[in-house]
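Right, one structure below, let's go through it.
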Number of protein chains: 2
Amino acid sequence: MPRIRHTNFDCAPGCPVEGTLNLIGGKWKGMILFHLMSGTLRFNEIRRHLNSVTQRMLTNQLRELEADGFITRKVYAQVPPKVEYSLTEHGRSLEPIISALKLWGDTHLRSQATKAAAVRSQAA
Amino acid sequence: MPRIRHTNFDCAPGCPVEGTLNLIGGKWKGMILFHLMSGTLRFNEIRRHLNSVTQRMLTNQLRELEADGFITRKVYAQVPPKVEYSLTEHGRSLEPIISALKLWGDTHLRSQATKAAAVRSQAA
DNA sequence: GCATATAGTGTCATAAAGGATACCGTGATG
DNA sequence: CATCACGGTATCCTTTATGACACTATATGC
């Protein structure tokens, strides 16, 4: 397996890297997409996954993801309301990115972020 | 246009995604990393790659990347100054992410027309 | 003597992102 | 009758990421 030569890293026209980052770079978007990778979720289910998001922010981020064609919003004519969010095909196409982000985070953030947690679990 | 403040590190499974996004989510960081994947670059070389970045912003982003251990800064005792930036091992470990971002961008936002088409085909 | 290139730094301004808080409508529950 | 759950809106307000612009030092070439 030859080491990949990155000779074709040209980022000239409208930069794909930057453009993609712009779409998923909202404060909660990565996490929302990540959780939706596992399947359809209701508004408050997502909200509970994202510990400290406000309603306004969550609505905001979901609307942007919807506008970008990544997720669909299905409203049930019920009271109390029921709204389900799920990924579109377009949204699922982000899976490699989300996976790469998660893998990297698991590998490289674990050490510093869970140092305290590790110590605690050691003590236990 | 401020970008993101990913400060929430206490959510269980999605946390790595957000944490990673936090590190590479600066306005120019993705592109800087992308260009450095091809090899060492001087300050003004990076600047020329990033069409409209200001000196202050570029310095700022480079310092943050350096502080996060992604790049190294090598100053030559010359006049006029010569400063070279290159990826560390830690920085190179982001390669799968950057590649995934570029691949997705190339595929899905090559032009606004294709993006609109993708969204429309989702609706169908 | 003067402009030029390089890699910055400092100050100030601003638009946008994100947060806090309050309110809405209604069916079921107590 | 009062309250809660759900999925939001509507207004504020604060934070901060980014931009514009000016300034620096000095070896080198003209």
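Note on naming: letters A, B, ... go to the chains in the order of the sequence lines (proteins, then strands), and numbering restarts at 1 for each one. Worth saying up front: this structure is predicted, and the values here are computed from it rather than measured.
Under 4.0 angstrom from either OP1 or OP2 of D:dT9 there lies at least one side-chain N or O belonging to A:R63. Not one side-chain nitrogen or oxygen of A:K82 sits closer than 4.0 Å to the OP1 or OP2 atom of D:dA5. In this structure, B:R47 does not reach the C:dT6 phosphate: none of its side-chain N or O atoms is under 4.0 Å from OP1 or OP2.
Spacing between atom CG of A:L21 and atom P of D:dA17 amounts to 15 Å, rounded to whole angstrom units. Summarising the geometry, the separation between CG on B:L62 and C1' on C:dT6 is reported as 14 Å, rounded to the nearest angstrom. We find that CD of A:Q61 is positioned 14 Å from P of D:dT9, with the value rounded to whole Å. The interatomic distance linking A:N60 (CG) with D:dA10 (C1') rounds to 13 Å, in whole Å. Taking atom NZ on A:K29 and atom P on C:dA17, their separation rounds to 9 Å, with Å as the unit. The interatomic distance linking A:N51 (CG) with C:dG19 (C1') rounds to 16 Å, in whole Å. B:K27 has its NZ atom 19 Å from the P atom of D:dT16, to the nearest Å. Residue B:I71 contributes atom CD1, which lies 14 Å from atom P of C:dA7 at whole-angstrom precision.
Here the side chain of B:E66 pairs no donor or acceptor atom with the backbone of B:R63 at under 3.5 angstrom. Judged by distance alone, the side chain of A:T40 and the main-chain N or O of A:S86 form no donor-acceptor pair under 3.5 Å.
You'll find the ring centres of B:W104 and A:H90 inside the 6.0 Å limit.
Considering only side-chain atoms of A:V83, the nucleotide from D:dC6, C:dA7, D:dG8 that sits closest is D:dG8. Side-chain proximity of A:N44 to the nucleotides C:dG8, D:dC6, D:dG8 is greatest for D:dC6.
Inter-residue side-chain proximity for B:F43 and B:L62 is flagged as met; some heavy-atom pair is nearer than 4.5 Å. Residues A:E95 and A:I98 form no side-chain contact, since every pair of their non-hydrogen atoms from C-beta on lies 4.5 Å or further apart.
Judged by closest nucleotide on DNA chain C, B:V75 is the one of B:V75 and A:M57 placed further toward the 5' end.
Residue contacts for A:Y85: at a heavy-atom cut-off of 4.0 Å it reaches the sugar-phosphate backbone alone, with no base atom in range. If you check every strand for non-hydrogen atoms under 4.0 Å, A:E45 touches nothing.
Each of B:K27, B:R73, B:K29 was scored for a salt bridge (Lys or Arg N to Asp or Glu O under 4.0 Å) with B:E64, with one residue passing: B:K29.
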Could you pull out the protein-nucleic contacts involving nucleotides 20-29 of chain D (nitrogen or oxygen on both sides, under 3.5 Å)?
from   : atom 1 : to    : atom 2 : distance (Å)
D:dA20 : N6     : B:R56 : NE     : 3.4

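Within the model, atoms CG of A:L50 and CE of A:M31 stand 4.0 Å from one another, a figure rounded to the nearest 0.5 Å.
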